[in-house]
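Working notes, structure below.
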2 protein chains.
Amino acid sequence: MVTMQDVAERAGVTKQTVSNVLSGRVAVRPATAARVRAAIDELGYTPNLVARSLATGSTKTIGLFVPTVVGSFYAELIEEVEDVLEEHGYHLLLCTTRLDGERARRHLAGLTSRSVDALLIAGDNDLIDHLPLLADARFPVVLCAWETETPDRFPVVTIDYERAGYLAGRHIRELGHRKVAVLASPSHAVRIEGFRRAFTADGLTVPESAVHYAPEPTPAGGFEAAAAALAASPEVTALFATHDVLALGALEAAREAGRSVPQDLSVVGHDDTLEVQVARPALTTVSIPKREMARQAIEQLLRAITRSGTQTNSLQLLRPELVVRESTGPAAG
Amino acid sequence: MVTMQDVAERAGVTKQTVSNVLSGRVAVRPATAARVRAAIDELGYTPNLVARSLATGSTKTIGLFVPTVVGSFYAELIEEVEDVLEEHGYHLLLCTTRLDGERARRHLAGLTSRSVDALLIAGDNDLIDHLPLLADARFPVVLCAWETETPDRFPVVTIDYERAGYLAGRHIRELGHRKVAVLASPSHAVRIEGFRRAFTADGLTVPESAVHYAPEPTPAGGFEAAAAALAASPEVTALFATHDVLALGALEAAREAGRSVPQDLSVVGHDDTLEVQVARPALTTVSIPKREMARQAIEQLLRAITRSGTQTNSLQLLRPELVVRESTGPAAG
DNA sequence: CTGAAAGCGCTTACAG
DNA sequence: CTGAAAGCGCTTACAG
C-alpha cells in the first residue's frame, strides 16, 4: 500500500507538506502543491482513514440502530439518513436490533470502542431496558421515532404521535363515524390516546374493548386484528390502524367480510409508507415527515459531535399530517 | 478516555501484558491476568478499535452495497448478512446505491481508504460501469445476486436465474397455459430466457411482444405492466412477473380487469419476499435461497480476507425453488 | 511556506 | 511468563 511518506519522497517534500496539501488547513506554495498532487496521481495514493481516525479521534462514521429494515418505514428512514450523512462525509454503520435487547446490547458494546462518532437509535423498543449501558457511551446518542416515555438523558427527535392519532380520529369523527375500532401494535399507546381524544370532544368514547392488538406488525397481523374487530362489533364503520402494514391487512379482512371500503367501512392508517400508496383503495393515512426527522436527528448528532460534552437534552416534536385518499368516506346512515 | 496504559499502571504491569491478557495469544500467569481483569473492570476500560485496526490492518468491518433497502428482497438479505457477520465479529457499513453509478463511485472511493476489510456488492446495476474502480480496490470484493454477465475478476455467489425463470415457465406450461405474458424489469433478461425455454419444449414461443416492462420496480409499476399486457392480449391466461412486487400490482390489475385469480388468470412471481406471503390470493412464486446466498457470500468474503491476494475467481450458483400457492391454476378450457 | 518532533492507542516480534 | 522497542499512517502544534 502506498503511504503519505511515499508520496512525499516522490514529490521531494516531507509528509507534513503532503498532509497540508490534502487538508488545505495550511497554505502551500502552488508549485509544491502541484508536485504533490502529481505524485498522488502517479502513485494512486489514497489516505488511510484508520490512521487519520486515530490521529484525529474521529471516524467519520455514525451508528444507526433500527428494529428492522424489512418494511418501508425504517427502510425509507435509512435512505434519508444516508443522504444527509453523505452530505457531511459520514459513513453509516447499521445494526438492526430485531427488538432483541440482548442483540442491541452486544452491538452497543462493540460500538463503545470509539469506532463510531455518534449513534442514532430509531424506534422505541426493548432497548430502553439497556439504556444504562448507553449512559457509559463515549459518543453522543440521539433518539428518534420514539413514542414511549423519552429518557431525558438524550436529545430526542420524534413525531407528535398524540397529534397523529388525533388527526386520524378527528377525520373519522368528522365523517360522522360513531362506532369505531382500533388495530394496534402494543407500543402505540400514544397514538391510540390521541385517537381517543378526538372523540371525547363529542362526548363519545373509544373503550378499551374496541382496541384490537395485532399478533405481529405485518399485513397478516392486521388481517387477524381486523377480522377480530369486525366479528366482535359488526356495527363498526371505521377502523384506525396504528401502522400502515396493519391497515393493509385490514383492507383484505374487509374484502373477505364482504364490506367494501370506503362505502361500508372506512380505514385510516399511519406512517404513509410506500406500500400503501399503491394499495387499492389508496389508503387514507397519517403522514410522518420521515425526511425531516432524519435530517433533524442527524443534525442534532453532528452538532453533538462538534461540541462534545455539552449534550443537550432537547425534545423535538415534528408534526404529522393527514393524507386523505380513497379508503375513508362518510358513515353510512 | 481510559487507555491500555492506564490499565497497565493500575495492575502494576506493562501494557503489553494487558494486550496479552486481552488477546489470549500469549499465556499470562493467572494471578497477573486476574489483576489485569480487575483493573479493566474498575476503570471500565474498552479497547480502542481504531488503534487496534491501525496496528493489525483489519477493521473488522465489511461494506455492503445494495441498490435499495426499500422492498423486502434486499432488506431480508441485509438481515441475513448481518447475522452471519455477527457470528464472525464483523460490523456492517451500508451503502444503498439507488442504481446511481455516480453515487456508488463516490462511496467506493470512500471505502478504498482501507476502512473496510472487504466489500459485498449485491444486485447488478449501473455499478458494472464502475468496475474499473473496483479493480483498484485494496480489499477483496464479492458479488452476489448478480444476474447479468458476471465480471470474472471477482467471486460471484448468485442464483441460477435461468433455472428460476424455467421453473416458473414449466409450472405454467404444465398447467396447460399456452398464451402467456411476462411482466419484467429491464435487468431480468436471464429469467425471461429461462421462462421462454420452458415453452420451446412444446414448440411454443413467447414472443418479445409478450414481454411488458414495468416503468418502475414497484406494485404500481407491475399494475401498469399487467394492465398493458391484458389490454394487448386479452386471451392471455397466465402472467410471469420477474419480481414479486410486480406480481402484487398484477393481482390488482387482474381485479380491476374483472379477472379472478387463479380461475381466469394465473400469476407467478419471483423472489418469495415477505409481502407476497400475505397477498390474497397467496402468490405462487420462485423462491430464492437468500439466507444461503448471504451465508455463502460472506464466507467467500471472509476467506478472501484471510488469505488475501489469492482472490479466487469462482462462480457459485444457488438453486431456486418453485413455491406453489394459490395464484396459479389450470388454464381454463 | 516547509520541516523536525511527538503522539493517537494499540500489536507484534524479540529479549530476557 | 513479562518487559523494552519499534511501528501501523496519519495529524497537530511549533520552529524556522
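Keep in mind it's a predicted model, so treat the numbers as computed, not measured. Order of the sequence lines fixes the chain letters, A, B, ..., with proteins taken first and strands second; residue numbering starts at 1 for each chain.
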Q. Between B/A51 and B/V28, who's closer to the 5' end of DNA chain D by nearest nucleotide?
A. B/V28

Q | B/R106: salt bridge (charged side-chain N to carboxylate O under 4.0 Å, His left out) partners, not counting sequence neighbours | A | A/E86

(Q) Can you list every stem that DNA chain C is part of, counting only runs of 3 or more consecutive Watson-Crick or G-U wobble pairs with both distances under 3.5 Å? (A) C:1-3 with D:14-16, C:5-12 with D:5-12, C:14-16 with D:1-3

Only pairs under 3.5 Å count here: list side-chain donor-acceptor contacts from residues 32-40 of chain B, not counting sequence neighbours, and write none if there are none.
| from | atom 1 | to | atom 2 | distance (Å) |
| --- | --- | --- | --- | --- |
| B/R35 | NE | B/A11 | O | 2.9 |
| B/R35 | NH2 | B/A11 | O | 3.2 |

(Q) Looking at A/T96, is its backbone amide N or carbonyl O close enough to the side chain of B/E82 to form a donor-acceptor pair, meaning the two atoms are under 3.5 Å apart? (A) yes

Q.
Once you apply a heavy-atom cut-off of 4.0 Å, does B/T32 come out as touching a base, just sugar-phosphate, or nothing?
A. sugar-phosphate

Q. Which part of the nucleic acid does B/V50 contact within heavy-atom distance under 4.0 Å: base, sugar-phosphate only, or nothing?
A. nothing

Q.
If we ignore hydrogens and angles and just use 3.5 Å, is the side chain of B/T59 paired with the main-chain N or O of B/S115 as donor and acceptor?
A. yes

Q | Selection residues 45-56 of chain A - residue pairs positive for side-chain hydrogen bond (donor to acceptor under 3.5 Å, both in side chains), sequence neighbours left out | A | A/T46-B/R138

Q: Check every nucleotide of DNA chain C for an atom under 4.0 Å from a heavy-atom of chain A, then give the first and the last such nucleotide from 5' to 3'.
A: C/dC1 to C/dG9

Q.
Using heavy-atom distances to pick each residue's nearest nucleotide on DNA chain D, tell me which of B/P30 and B/T56 is more 5'.
A. B/P30

Q: Quick one: sort the A/H91 and B/H107 rings into parallel, tilted or perpendicular, breaks at 30° and 60°.
A: tilted

Q.
On DNA chain C, does the nearest nucleotide to B/N48 precede the nearest nucleotide to A/T14 from the 5' side, or the other way round? Give the residue.
A. A/T14

Q: Please list all pairs passing the salt bridge (Lys or Arg N to Asp or Glu O under 4.0 Å) test where one or both residues lie in residues 288-298 of chain B, with sequence neighbours left out.
A: B/E76-B/K290, B/E80-B/R291, B/E87-B/R295

Q. Is a donor on one side and an acceptor on the other found under 3.5 Å between the side chain of B/R98 and the backbone of A/E79?
A. yes

